[in-house]
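Naming convention: chains lettered A, B, ... in sequence-line order (proteins, then strands); numbering from 1 in each chain.
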Number of protein chains: 2
Amino acid sequence: MHSVEGVDGPANSASSSSASRTSAGTLPPDLAASTGFLLGKVGASVTRRLANALSLLGLRQKHFAVLALLEDSGSCAQQSVAARLNLDPSGLVSVIDDLRRRGAVERERDPEDRRRHTVRLTEVGRALLAECRELVASVDAEWLAPLSEEQRRQLHAILLRLAEADPVIPSPRIS
Amino acid sequence: MHSVEGVDGPANSASSSSASRTSAGTLPPDLAASTGFLLGKVGASVTRRLANALSLLGLRQKHFAVLALLEDSGSCAQQSVAARLNLDPSGLVSVIDDLRRRGAVERERDPEDRRRHTVRLTEVGRALLAECRELVASVDAEWLAPLSEEQRRQLHAILLRLAEADPVIPSPRIS
DNA sequence: TATTGTTATACTCTATAACTATA
DNA sequence: TATAGTTATAGAGTATAACAATA
């Protein structure tokens with residue numbers, strides 16, 4: 001018994017009568033029983049899809065996040081961008097460099113405190129953000145397809161709740 | 001505005017009326033609007049918690065997964081373990097080595113095909129798995145706390161559905 | 001020649017910390 | 001001395017490919 005994989009024979013579009021052997025169906029009970037384990041797996045998969053889609057624009061999630069933040073809150077010192085997105089200031093540098101190279105953001109020194117670099121979204125950046133938004137929405141639509149309308153609403157509400165309660169643990173290892 | 005973190009003050013159990021500013025509350029609308037983005041973030045956070053908990057046993061998720069699989073399906077050739085868990089055979093080696101060093105699994109050559117190494121769970125491994133299970137359950141209970149009983153059921157059902165539909169995209173880059 | 005398991009290599013991502021320029 | 005930003009370095013994690021033993 002070597003090949004359980006129909007590989008590319010997806011003839012049966014059937015959902016899941018009994019033991020349909022889509023790869024995930026083989027998860028041992030202990031793993032399928034843990035909501036956290038499942039969430040981690042599905043989350044990683046979705047993140048991969050998102051990354052893949054954004055790569056079409058030559059961007060990664062961080063770029064999207066920065067663009068979205070800047071549109072939301074206008075000009076920002078780099079430090080506060082990092083703080084609000086819970087990511088390392090050092091890691092932010094290359095992201096902003098990338099965006100600047102594409103003309104998506106502009107950077108100027110803050111006259112009041114010349115140590116600060118204020119970052120601002122340009123029109124190009126706004127347009128780029130719009131592209132991202134569209135792309136992300138289409139990715140969401142794709143992987144959410146197996147769910148009912150109601151389930152999608154439930155999931156979104158649940159995730160908002162969880163994100164809200166989470167200290168977000170950006171990178172510093174926990175306890 | 002440095003501290004937006006109410007940290008553990010989840011006083012308002014309200015769903016999402018306006019702009020409650022727990023760290024995640026600062027997420028720009030575009031990000032909070034994407035279920036995928038949220039799922040990725042929350043998934044990463046949970047994965048971190050899980051990893052942190054399992055590290056108390058000196059294990060990682062992969063170890064847990066292998067133990068769970070072996071209990072579920074008995075002896076297995078390494079290759080089929082890798083296949084069923086959708087992970088790289090080469091990456092599996094060190095995991096099984098670790099488990100073997102702790103006496104959690106035993107490995108013998110398959111007499112019928114001496115290329116195969118059959119892996120089997122020991123009593124020690126069964127006990128270790130039980131510890132993992134308990135640990136994982138407690139982590140789940142912790143981060144699921146903000147949700148109602150019904151929401152937890154909803155989330156689990158939704159994740160199972162999504163995992164089922166996902167080709168699981170283990171590592172090979174998509175498309 | 002194909003397959004199982006293993007080892008070794010390279011690549012990505014991220015975290016730490018060292019450095020500069022301002023204050 | 002402390003802070004904003006930057007650069008450089010090291011580490012974990014993972015994927016690829018080369019390898020040995022067996023079929």
Problem - Nearest-Å distance for atom pair CD/C1', residues Gln78(A) and dA4(D) - result: 8 Å
Handout entry: With Asp113(B) via side chain to side chain donor-acceptor pair (under 3.5 Å) - residues at least two apart
Key = Arg115(B)
Handout entry: Lys/Arg N to Asp/Glu carboxylate O, Arg152(B) vs Glu149(B), below 4.0 Å
Key = yes
Below 3.5 Å between N/O atoms, which protein atoms pair up with nucleotides 9-12 of chain C? Just atom names and distances, please.
none

Handout entry: Partners passing side chain to side chain donor-acceptor pair (under 3.5 Å) against Gln78(A) (at least two apart in sequence or in another chain)
Key = Arg107(A)
Completion exercise
Arg120(B) meets the side chain to side chain donor-acceptor pair (under 3.5 Å) criterion, sequence neighbours left out, with Glu106(B), Glu108(B)
Which protein N or O atoms sit under 3.5 Å from an N or O of nucleotides 17-20 of chain C?
none

Handout entry: For atom CD of Gln61(B) and atom P of dA12(D), their distance in whole Å
Key = 18 Å
Handout entry: Pairs touching residues 60-69 of chain A that satisfy side-chain hydrogen bond (donor to acceptor under 3.5 Å, both in side chains), sequence neighbours left out
Key = His63(A)-Asp98(A)
Problem - DNA chain D contacts made by residues 91-109 of chain B, counting heavy atoms under 4.0 Å - result: Arg109(B)
Exercise for the section: Mind calculating the distance between CG (Asp113(A)) and C1' (dG5(D)) to the nearest angstrom? Expected result: 11 Å
Exercise for the section: Quickly work out the Leu87(B) CG to dT16(D) P distance and round it to whole Å. Expected result: 14 Å
Exercise for the section: Provide, to the nearest angstrom, the distance between the CZ atom belonging to Arg115(A) and the C1' atom belonging to dA4(D). Expected result: 6 Å
Handout entry: Taking every non-hydrogen atom, the tightest pair across Arg114(A) and Pro111(A)
Key = CG-O, 4.2 Å
Handout entry: Distance in angstrom units between Glu112(B) CD and dA23(D) P, rounded
Key = 11 Å
Handout entry: Distance test, side-chain N/O of Gln79(A) to OP1/OP2 of dA4(D), below 4.0 Å
Key = yes
Problem - Derivation and outcome, side chain to side chain contact (heavy atoms under 4.5 Å, CB included), residues Ser138(B) and Glu142(B) - result: CA-CA 6 Å; Ser138(B) 79; Glu142(B) 182 191 335; over 6 Å; no
Exercise for the section: Would you please confirm or rule out a distance under 4.0 Å between OP1 or OP2 of dT6(C) and any side-chain N or O of His117(B)? Expected result: yes
Handout entry: Thr35(A): partners by side chain to side chain contact (heavy atoms under 4.5 Å, CB included), with sequence neighbours left out
Key = Asp140(B), Trp143(B), Leu144(B), Leu155(B), His156(B), Leu159(B)
Exercise for the section: Work out how much the helix from dT1(C)-dA23(D) to dA23(C)-dT1(D) bends between its end axes, five pairs an end, to the nearest 10 degrees. Expected result: 30°
Handout entry: Side-chain heavy atoms of Lys41(B) within contact of Leu27(B), under 4.5 Å
Key = no
Exercise for the section: Using a strict 4.0 Å threshold on nitrogen-to-oxygen distance, state whether Asp166(B) and Arg49(A) make a salt bridge. Expected result: yes
Problem - OP1 or OP2 of dT22(D) under 4.0 Å from side-chain N/O of Arg114(B) - result: yes
Exercise for the section: Name the nucleic acid region contacted by Asp110(A), choosing base, sugar-phosphate or nothing; use a 4.0 angstrom heavy-atom cut-off, strictly under. Expected result: nothing
Fill in the blank from the handout: Sorted by chain and number, sequence neighbours left out, side chain to side chain contact (heavy atoms under 4.5 Å, CB included) with Ala53(B) holds for Leu135(B), Val139(B)
Fill in the blank from the handout: Those residues at least two apart in sequence (or on a different chain) that pass salt bridge (charged side-chain N to carboxylate O under 4.0 Å, His left out) with Glu123(B) are Arg126(B)
Could you give the side-chain donor-acceptor pairs of residues 64-73 of chain A under 3.5 Å, partners two or more places apart or in another chain?
from     : atom 1 : to        : atom 2 : distance (Å)
Glu71(A) : OE1    : Arg133(A) : NH2    : 3.0
Ser73(A) : OG     : Leu69(A)  : O      : 2.8
Ser73(A) : OG     : Arg84(A)  : NH1    : 3.4

Handout entry: Closest contact, heavy atoms only, Cys132(B) versus Leu59(B)
Key = SG-CD1, 3.6 Å
Exercise for the section: Compare side-chain N and O positions of Lys62(B) against OP1 and OP2 of dT14(D) and report whether any pair is under 4.0 Å apart. Expected result: yes
